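All values derive from a computational prediction rather than experimental measurement.
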Amino acid sequence: MAAPLDDMFSLCVDPGKVASSVDVRFIDNIKGKGLFAKRSIKKGEPIFIERPLVSSQFLWNTLYKYKACEYCLRALETAEENARRLSGIPGLSLPYPELCRVRSELHQACPQCQVMYCSSECRQAAADQYHRVLCQGTSQEDPDHPINKLKEAWRSMHYPPETSSIMLMARMVAIVKQAKDKAHWQKLFSHFCSRTANEEEEIAHKLLGEKFRGQLALLHSLFKAALYDEHLSRWFVPEGFRSLFALVGTNGQGIGTSSLSQWVHACDALQLRAQQREQLDSFIDQLYKDIEKETGDFLNCEGSGLFLLQSSCNHSCIPNAEASFPDNNFLLHLSALSDINPGEEICISYLDCCQRDRSRHSRHKVLRENYLFVCSCPKCVSQMDELDVTSEEEEEEEGEAEGETEGDEMEDEMTDV
């Protein structure tokens, strides 16, 4: 049973205003639903801000000491602490440190398991929503705890870059277990698009690799041992677990947060004399060079979430909107990349900028392998009749580029600093 349309706007900031601006409509059996403008939207205008139904930091990201609020994924390091760790320069000092918005004095730990939150509000929200079920108390570091066994199995199967997390599924279960109105939450989760059995197998193969059948069976066994609930028995049979796994793999939106990125944007907004601006820009450029040398591409606190309204946005190779996380937390901001007319579909891109500039053949290959669909956006349709054959040199270049951009392309785009 699909979620009622009113639910689609329930997690937006100012849902009434959003509902007057956009509309969710069924398109066809192939594309499913889509998001459409109900009024004129100007380039650069925010379309909506939405919090996720559920979210979770990636397990490898946590293990590598990327500190984020357990609830809202806000980066917990100050910009200076973040810059020191990422650059490998322990004595580094940032100019204009007052521009950093991280307030360490507000951070709180769960009194039982000591996981960290950015505020008492987030700690309470997590406890009210799911954490009472998932709190491991003094067993947080116990390798034999059922949840830790599940986490370790996931890490052993899914190396960085991560594109999903078994803990997103665990939180879905915990939310329903804690909820007074369990049917309401199950309806919300039923909103997200489902797949056929063959497609579910493809998604599991994509996420887990060649040995996915045995790995999926192991994950199912550990998931059931750690979290079984009779109200959700359909999620714990093999077919239901596979469907839940595919739901998260298909609908999960990458989330990236960074206190350093916030500091850089605040620096960009400063009114400075020409010499001061030149010195600051030079410092930031060198900082990013040092970080690239030391850390590479893994700059942010990263995770994924399920967003009700954003999940209605279809892909286009010429998107008219993009999602970002400028608040250094899990709040998704959808903004217009161009003027959008009433009745026009609002589309985002699952590909990054470099991938969108490649041939139609190459774009379709990425989309088929990672998202299991063939794009029919205006750009792809206009190129259908063109000679879309690349030379051997171009194919070699594209093959090298694909090796660098495998994983969750949408996540990579969202988490660039």
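Side-chain contact between Leu232 and Leu227: absent, with no pair of heavy atoms (C-beta onward) separated by less than 4.5 Å. Contact check for Val173 versus Val133: no side-chain heavy atoms found under the 4.5 Å cut-off. Contact check for His131 versus Cys113: side-chain heavy atoms found under the 4.5 Å cut-off. At a threshold of 4.5 Å between non-hydrogen side-chain atoms, the residues Trp60 and Glu302 do not count as touching. Proximity of Phe192 to Val248: side-chain heavy atoms (C-beta onward) are nowhere separated by under 4.5 Å. With contacts defined as side-chain heavy-atom distances shorter than 4.5 Å, the pair Phe48/Leu332 qualifies. In this structure, the side chains of Ser304 and Ser56 stay at 4.5 Å or more apart for every pair of heavy atoms.
Tyr71 and Tyr117 have their aromatic ring centers separated by at least 6.0 angstrom. Note: Tyr64 and Phe298 fail the aromatic proximity criterion, with ring centroids not under 6.0 Å apart.
The closest donor-acceptor contact from the side chain of Lys43 to the backbone of Ala336 lies at 3.5 Å or more, if one exists at all. With hydrogens and angles disregarded, a donor-acceptor distance shorter than 3.5 Å links the side chain of Glu50 to the backbone of Gln310. Although no hydrogens or angles enter the test, the distance criterion places no donor-acceptor pair under 3.5 Å between the side chain of Asp14 and the main chain of Ile49.
Here Gln57 contributes atom CD and Leu59 contributes atom CG; the two are 8.5 Å apart, rounded to the nearest 0.5 Å. To the nearest 0.5 Å, atoms OG (Ser119) and CD (Gln124) are separated by 10.5 Å.
Surrounding CD of Glu230 are at most 12 heavy atoms belonging to other residues, nucleotides or ligands under 6.0 Å away. Glu292 CD: 12 or fewer foreign heavy atoms inside a 6.0 Å radius. No more than 12 heavy-atom neighbours from other residues, nucleotides or ligands sit within 6.0 angstrom of NZ on Lys149. Atom NZ of Lys67 is surrounded by 12 or fewer heavy atoms from other residues, nucleotides or ligands within 6.0 Å. Within a 6.0 Å radius of NZ in Lys17, other residues, nucleotides and ligands contribute 12 heavy atoms or fewer. In this structure, Glu141 places its CD atom where only 12 or fewer heavy-atom neighbours from other residues, nucleotides or ligands lie under 6.0 Å away.
Nearest heavy atoms, Cys267 versus Leu280: CB-CD2, 3.8 Å. Scanning all heavy atoms of the two residues, the minimum distance from Glu162 to Trp154 falls at OE1-NE1, 3.4 Å. The nearest pair of heavy atoms linking Ser261 to Ser258 is N-OG, 2.9 Å.
Salt bridge absent: Arg25 and Glu345 never bring a charged side-chain N and a carboxylate O closer than 4.0 Å. Ion pair Glu77/Lys65 not flagged as a salt bridge, since none of the NZ, NE, NH1 or NH2 atoms sits closer than 4.0 Å to an Asp/Glu carboxylate oxygen. Salt bridge status for Arg84 with Glu80: present, with a side-chain N to carboxylate O gap under 4.0 Å.
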I would like to know whether Ser259 and Thr78 meet side-chain contact (heavy atoms from CB on, under 4.5 Å); could you show each step before the answer?
CA-CA 6 Å; Ser259 52; Thr78 65; 5.8 Å; no
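When each of Leu94, Asn328, Val102, Asn82 is checked for a side-chain contact (heavy atoms from CB on, under 4.5 Å) with Trp263, only Leu94 meets the rule.
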